[in-house]
Amino acid sequence: MQRTSILETKDLVGQEVTLCGWIHNRRDHGKLIFIDLRDRSGIVQIVFTPKGAGYDLANQLRSEWVVCIKGKVNPRPEKMFNDEIPTGRIEIEPTDLEVFNKSETPPFPIDTDGYEIGEESRMKYRYVDLRRQRLAKNLAIRHTMAMFIRNWLSDKGFLEVETPILTKSTPEGARDFVVPSRLYPGQFFALPQSPQQYKQLLMVAGVEKYFQLARCFRDEDTRGDRQPEFTQLDMEMSFVEREDVMQLNEGLLIEMVQKIYPQKRIQKIPFPRISYKEAMEKYQTDRPDMRNDNPLADGDLNLLAFCWVVDFPFFEKTQEGGFTFTHNPFSAPKPEDMENLMNKKNIAGILTTQYDIVLNGWEIGGGSIRNHQSEALEKVFEIMGFEKERIEQNFGHMLTAFKNGAPPHGGIAWGFDRLIALLNNEPNIREVMAFPKTGDARDLMMKSPSELEEKQLKELHLKTVK
Ligand code: ASP
């Protein structure tokens, strides 16, 4: 089919075109039928006249029917210009109309921004919801950002490497989603909370510069706008220090914003850095919103205040009186605190190499330099009170890997959905994901989660208890 995209029609006055898309709306004016036809590129007006082609069929058209219209691009009379849309100075005189598919009455309007519609309905009919301009734009800009990041990192010598989705359950902070093994009764895979261990193993493998737009899974109680699965821009590098990772990421963020969001202004370059201690004292949070320091920032939707937070304590006390990690068990302490880690001395005072990147009061990423020597990593688990056996069971593979030529390395991960939501002034990450779960962690469109058939349960050696 020689199809023309709707946006192109604005430059094709006098020509015959074939347009395919959805009926955005229909207005009848006396005997004339005006159709707004929509495809991904935009909207154009079609005018059916009683004597022209397709008039009787046009009378039956309803919103969201899918059609093909052949016609001639005519200039509009000047007094009919509509400069609110790019095709507002032309209209189409149809020569043929074919209906590809009818549609039920749409469950909700799609010519609004959609915030006014209940989430249940939007998620159940997400494929209709995604047709609205705001969401179509969010998907497109998400793609643009992903492409920018991929090209930018690729130019700097990074390889995108896919890591497994079926992996191993390890105590890493959040609860794991698990997948029962059919072949090994009573055994389970886990979905990755992040590719943390695999990316470190890629460093042992000599990849040196890794990134991935990686899906992460965390079975946490949904609160606020958390999602059970989300996307990270995940990175890891060998032979680097904290400064290298921070510089690289700052450069990427600045260039990406300047290229893709030229209307935005970054409050301060280089990004301010603040220690955890100072942040807590001055802002009572480790995610300070630095816009508050700027008297001109009031209500400015286009102001971006990035900052780095560093020098976090490595460990915090648990309720049981032991210690657990604050961020990431694989982090190295600050070099000056390594001796205390190895001797398990002044544990509460040990600082980690962790760096968090914060934007307008939201944590959008974090990472660290890692412990690449197995003895140091082992000490972390000992401080957390893990027995030798448990360390071996959960993390033996990492300790072994580190005894097989592990380079010094470090990395970071960005919350990709969160960053896109912030840059597009969206209230939550569901607005920038194609098929998110609802706030209470269900997929209303697919009706998931759902029960399994008895036969499947049996194959998986599972019994459910209600
Ligand atoms: N894996 C860490 C996380 O998901 C990020 C990192 O340290 O690279 O938070």
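Keep in mind the model is a prediction, meaning the values are calculated, not measured. Counting convention: from 1, in listed order, for ligands and their atoms alike.
- Only the side chain of Gln232 comes within 4.0 Å of ligand 1, judged by heavy-atom distances.
- Those atoms of ligand 1 that come under 4.0 Å of a heavy atom in Gly366, given as number and element, are 5 (C), 6 (C), 7 (O), 8 (O).
- With ligand atoms numbered from 1 in the order given, ligand 1 contributes 8 (O) to contacts under 4.0 Å with heavy atoms of Ile412.
- Less than 4.0 angstrom separates some heavy atom of Arg370 from each of these atoms of ligand 1: 6 (C), 7 (O), 8 (O).
- Contacts between Gln200 and ligand 1, counted as non-hydrogen atom pairs separated by less than 4.0 Å, are absent for every part of the residue.
- Checked by distance only, ligand 1 and Lys199 come closer than 3.5 Å through their nitrogen or oxygen atoms.
- Counting the atoms of ligand 1 from 1 in the order shown, those under 4.0 Å from a heavy atom of Gln196 are 1 (N), 2 (C), 5 (C), 6 (C), 7 (O), 8 (O).
- Which parts of ligand 1 touch Ser194 is read off a 4.0 Å heavy-atom cut-off, strictly below it: atoms 1 (N), 4 (O).
- The backbone N or O of Pro228 lies less than 3.5 Å from no partner atom in the side chain of Lys437, so there is not a single donor-acceptor pair.
- Each of the following atoms of ligand 1 lies closer than 4.0 Å to a heavy atom of Gly367: 6 (C), 7 (O).
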**Report entry** Residues Asn424, Tyr261; criterion side chain to side chain donor-acceptor pair (under 3.5 Å); working and verdict
**Finding:** CA-CA 9 Å; Asn424 289 286; Tyr261 298 89; 3.1 Å; yes
Report task. Assess whether side chain to side chain donor-acceptor pair (under 3.5 Å) is satisfied between Tyr115 and Glu426, documenting all intermediate values. Result -> CA-CA 10 Å; Tyr115 295 120; Glu426 288 290 6; 2.6 Å; yes
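- A distance of 6.0 Å or more separates the ring centres of Phe402 and Phe395.
- One finds no salt bridge joining Glu453 and Lys455 here, because no Lys/Arg side-chain nitrogen approaches an Asp/Glu carboxylate oxygen to under 4.0 Å.
- Taking only nitrogen or oxygen atoms, main chain and side chain alike, Asn328 reaches within less than 3.5 Å of ligand 1.
- Salt-bridge formation is detected for the pair Glu382/Lys379: a Lys NZ or Arg NE/NH1/NH2 atom is positioned less than 4.0 Å from an Asp or Glu carboxylate oxygen.
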Query raised in the report: Can you check side chain to side chain donor-acceptor pair (under 3.5 Å) on Gln212 and Thr163, steps first, answer last?
Result: CA-CA 8 Å; Gln212 182 181 191; Thr163 52; 2.9 Å; yes
